[in-house]
Amino acid sequence: METYRAEIPNNFLLPRRLKRLGELAYNLWWTWNPNAQRLFIEIDRDLWERTNHNPIRFLNQVQRAQLNAVTQNHYYLDNFDRIFNQFDDYMNTQDTWCARNHPEYNHRPIAYFSTEFGLHETLPIYAGGLGILSGDHLKGASDLGIPLIAVGFLYTHGYFSQRISEDGWQEAHYLRLNFSDLPILPITTIDGEPMTVSVDLPGREVKARLWAIHVGRVKLYLLDSDVDGNSVSDRELTARLYTSDLESRISQEIILGIGGVRALRSLGYNPSVWHLNEGHSAFLNLERIREMIASGHTFEEAKKHIYASCIFTTHTPVPAGNDEFPEWLIDKYFSNLIPELELDREQFFSLGRNPNPWGSTFSMPVLAIRMARFRNGVSELHGQVAREMWRHLWPELHVEDVPITYITNGVHTGSWLARRLGSLFDEYLGENWMDLLDKSQTWDAIEKIPDAELWDVRRHLKRKLVHYVREKGRDQWLNGSIHPVQVIASGVLLDPYALTIGFARRFATYKRANLILRDLDRLLDIINRPNMPVQIIFAGKSHPADEPGKMLIQEVYRIVKKAENGGRLVFLEDYDMNLARYLLQGVDVWLNTPRRPHEASGTSGMKAAMNGVLNFSVLDGWWREGYNGRNGWAIGRDSEFDDPNQQDEEDALSLYEILENQIIPLYYKKRSSDGLPGDWIDMMKESIRTLSPQFSMRRMVKEYVEQLYVNALQNKVIEYDILD
Ligand SMILES: *Cc1c(COP(=O)(O)O)cnc(C)c1O
């Protein structure tokens with residue numbers, strides 16, 4: 001029998017015929033089914049935009065007359081019934097890829113832990129790529145019928161929204177989330193009390209309450225320490241993502257790892273596989289060992305057992321990016337736990353010790369590596385980098401034998417593909433292309449799409465982007481939230497017919513947002529040639545504590561703001577999943593210029609590719625695997641440099657050269673027969689055909705299942721692989 005409740009509130013005042021819209025609002029399935037979104041849009045498009053695509057706010061605010069109107073509209077009602085049939089089929093079918101191929105998983109859940117989940121713009125519990133990957137992983141697992149359950153945080157203040165001051169300085173604005181507007185379900189006991197778990201922090205017990213989110217068939221459980229009984233400062237522990245204060249951070253990670261295991265236990269789960277997305281949740285292994293020791297096992301037995309079922313995915317290619325704590329802090333937070341694990345202090349520290357030249361630290365990735373039999377990076381090159389970085393943990397092995405493998409990231413097609421392109425694919429790729437989207441044969445049919453139809457959709461998507469940006473700029477201007485000198489920089493002069501390049505991502509220095517600005521005179525020459533205009537749109541946030549990142553935004557913004565750019569360089573504020581969709585679907589070229597090999601994978605270029613946008617990137621992360629010489633452009637060489645300055649210089653020269661002599665002429669070269677840029681469209685088709693299957697979440701999740709989860713489920717321990 002159930003021991004808890006998580007009920008969908010039924011408080012919307014809806015006509016009986018439309019009652020089920022309330023249910024749809026509480027399952028994020030609608031976020032990756034554009035036709036389901038139409039059920040809201042067709043009631044009141046303006047309200048849908050004003051509520052930032054939030055169906056719960058929408059249903060709370062919509063006028064009764066508008067609801068009544070659609071109940072008289074047969075077209076709407078037919079569509080309504082069709083969508084709910086699809087939804088019911090999706091939720092209830094027993095015939096999934098997982099059930100057909102891996103029936104051994106029935107009732108054997110896989111626990112997936114991550115500090116952030118990027119599921120939709122209305123749920124700001126993600127900062128960037130890592131979160132989007134976790135969100136897409138849940139959606140992909142749901143589509144395939146994988147019995148995944150996920151654990152993360154409900155950050156009460158979410159990630160910040162970004163404003164740029166007149167002088168280009170990033171301002172971070174935090175708003176307390178209004179939980180009643182979000183698709184989150186409070187979990188209560190049978191008696192209706194909020195369900196909580198608790199963890200020990202120095203001198204006190206801290207409680208966290210539990211929430212659930214339905215992501216299709218997958219459930220995501222979120223922890224939140226803002227509960228009665230906790231001190232004021234403990235209530236703030238889960239308020240924000242990635243605080244730089246070490247004590248808050250270690251407390252967060254104890255809540256996630258140890259509290260997360262306790263949460264799953266109190267909900268009645270006994271996962272057979274545990275997947276750690278990054279090392280932040282690695283304390284969960286200590287809790288699993290503690291549980292086993294409490295039930296009579298030795299430390300060694302417990303470690304062997306948990307090791308065999310644990311998977312650790314690393315995303316961090318630079319040592320400085322790793323999450324680690326000074327040993328005094330570990331003493332402070334774990335002195336009570338150490339004896340419970342039947343270890344002495346030294347044995348405990350050796351579980352996570354990273355012998356840095358500047359002194360030993362307790363490293364979360366080391367703890368994760370030592371406790372996980374399966375370890376992987378997120379692209380082929382990143383796998384190599386990770387083996388190099390951690391080879392000191394296996395001093396007796398050659399670097400190529402270090403047991404860290406890789407699974408290249410992917411993206412969730414339904415979430416990122418423009419609706420109009422989806423319709424075109426429905427027409428030409430066969431009705432069930434979505435179920436076969438990781439097969440390369442499915443995409444051979446791209447050739448059948450007439451160039452004019454594809455180009456029409458591309459033009460539509462660019463107009464949509466330009467319209468959105470101009471309206472946003474106009475609004476900001478009208479409501480006085482920007483200074484007059486910022487108006488042009490906000491994109492009001494964008495041209496819907498000019499070749500448009502997008503650069504949007506987190507502003508960390510290794511991403512080199514300023515590379516294309518390195519020789520500004522040359523760039524301005526290139527983008528202002530007669531009849532061949534080029535415009536560049538920048539967007540991105542920097543972590544609030546990352547001063548060099550914020551200075552990079554300022555450097556880019558100051559250049560963008562200059563009058564002599566004539567509005568051809570633009571910076572858009574507040575990059576999030578919504579703006580990402582507009583950009584990734586609307587621009588012509590997606591630019592990525594990381595300093596190799598610092599981009600573990602990168603995923604935005606994959607989203608761009610499926611939308612017919614051409615990638616123009618450094619051969620790092622995923623692009624090194626995706627680029628085939630005919631499906632986009634590569635900046636620089638397939639190798640690294642010792643001197644970062646020389647690397648920047650060569651990459652910038654390569655960038656200008658290709659932009660000037662290949663990209664711009666190809667875009668503006670029209671066929672005389674029909675006036676379309678035929679060679680460009682050919683390259684676009686090659687890009688969609690080759691990249692969409694290979695970098696799909698469907699391919700990625702299947703690889704996790706078949707290369708890692710299945711082996712972890714078998715629970716066999718390979719002795720040599722254990723690190724002592
Ligand atoms: C996809 C995405 C990212 C990650 O993009 P990268 O290519 O890894 O930089 C970050 N933020 C948002 C909003 C995204 O949609």
Side-chain angles (χ1 to χ4, degrees), residues 31-32 52-53 114 116-137 139-140 158-162 241-242 277-278 315-317 321 377-379 381-382 408-418 465 502-513 515 537-543 546 549 552 572-587 589-611 613 615-626 632 691 695-697 700:
T31 64
W32 69 91
N52 188 27
H53 316 145
S114 184
E116 43 172 311
F117 289 92
L119 293 157
H120 189 254
E121 56 265 26
T122 51
L123 261 171
I125 56 171
Y126 64 94
L130 181 74
I132 309 281
L133 184 81
S134 315
D136 277 8
H137 193 124
K139 295 170 183 175
Y159 202 50
F160 69 97
S161 56
Q162 179 199 49
L241 286 83
Y242 308 125
N277 192 41
E278 261 306 350
H315 298 260
T316 314
V378 290
S379 69
L381 183 61
H382 177 235
T408 304
N409 284 165
V411 291
H412 186 249
T413 309
S415 300
W416 297 105
L417 184 66
L465 164 68
F503 181 101
R505 49 188 44 84
R506 210 157 41 79
F507 269 59
T509 46
Y510 79 84
K511 301 237 188 197
R512 297 191 299 185
L515 191 78
I537 305 180
F538 295 92
K541 296 175 179 175
S542 186
H543 186 280
D546 178 6
L552 187 59
L572 303 180
E573 287 179 342
D574 207 22
Y575 183 51
D576 69 352
M577 288 177 78
N578 185 39
L579 183 54
R581 271 199 314 276
Y582 274 104
L583 285 168
L584 292 157
Q585 297 172 356
V587 301
V589 172
W590 194 250
L591 175 70
N592 192 12
T593 51
R595 181 175 290 128
R596 181 177 152 147
H598 289 187
E599 184 84 308
S601 164
T603 52
S604 55
M606 306 173 186
K607 305 169 197 164
M610 70 164 87
N611 283 295
V613 174
N615 277 277
F616 178 32
S617 295
V618 170
L619 289 172
D620 195 7
W622 81 282
W623 187 233
R624 188 167 161 274
E625 289 157 59
L691 302 173
F695 298 99
S696 64
M697 189 44 71
M700 184 193 107

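Counting starts at 1 for both ligands and their atoms, following the listed order. Counting begins at 1 with the first residue of the sequence. It should be emphasised that the depicted structure is a prediction, and the values quoted were computed from it without experimental measurement.
- Interface of Gly602 with ligand 1, defined as ligand atoms under 4.0 Å from a residue heavy atom, comprises 7 (O), 8 (O).
- Every atom of ligand 1 with a heavy atom of Asp576 under 4.0 Å away is listed here by number and element: 13 (C).
- Between Trp622 and Phe695, a ring centre-to-centre spacing shorter than 6.0 Å is recorded.
- Considering only non-hydrogen protein atoms, atom 6 (P) of ligand 1 sits nearest to Ser604 OG, 3.6 Å.
- Looking only at heavy atoms of the protein, atom 10 (C) of ligand 1 is closest to Gly129 N, 3.6 Å.
- No side-chain donor from either of Ser379 and His382 sits under 3.5 Å from a side-chain acceptor of the other.
- Here the CZ atom belonging to Arg505 is positioned 7.0 Å from the CG atom belonging to Leu591, to the nearest 0.5 angstrom.
- Less than 4.0 angstrom separates some heavy atom of Tyr575 from each of these atoms of ligand 1: 11 (N), 12 (C), 13 (C), 14 (C).
- For ligand 1, one of its N or O atoms has an N or O atom of Lys607 under 3.5 Å away.
- Listed by number with element, the atoms of ligand 1 under 4.0 Å from a non-hydrogen atom of Trp416 are 15 (O).
- A salt bridge between Lys511 and Glu599 is present, with a side-chain N of the basic residue lying under 4.0 Å from a carboxylate O of the acidic one.
- At a 4.0 Å heavy-atom cut-off, ligand 1 touches Ala580 through the side chain alone.
- Between the side chains of Asn277 and Ser134, a donor-acceptor pair is found at a separation under 3.5 Å.
- Classification of the Trp32-His412 ring pair by plane angle, with boundaries at 30° and 60°, yields perpendicular.
- Contact atoms of ligand 1 toward Arg505: 9 (O) (distance under 4.0 Å to a heavy atom of the residue).
- Residues Ser617 and Trp590 have side chains that never bring a donor and an acceptor to within less than 3.5 angstrom of each other.
- Looking at every heavy atom in both residues, His315 comes nearest to Leu133 through CE1-CD2, 3.3 Å.
- Counting the atoms of ligand 1 from 1 in the order shown, those under 4.0 Å from a heavy atom of Thr603 are 1 (C), 4 (C), 5 (O), 6 (P), 7 (O), 8 (O).
- Taking a 4.0 Å cut-off on heavy atoms, Lys511 registers as neighbouring ligand 1.
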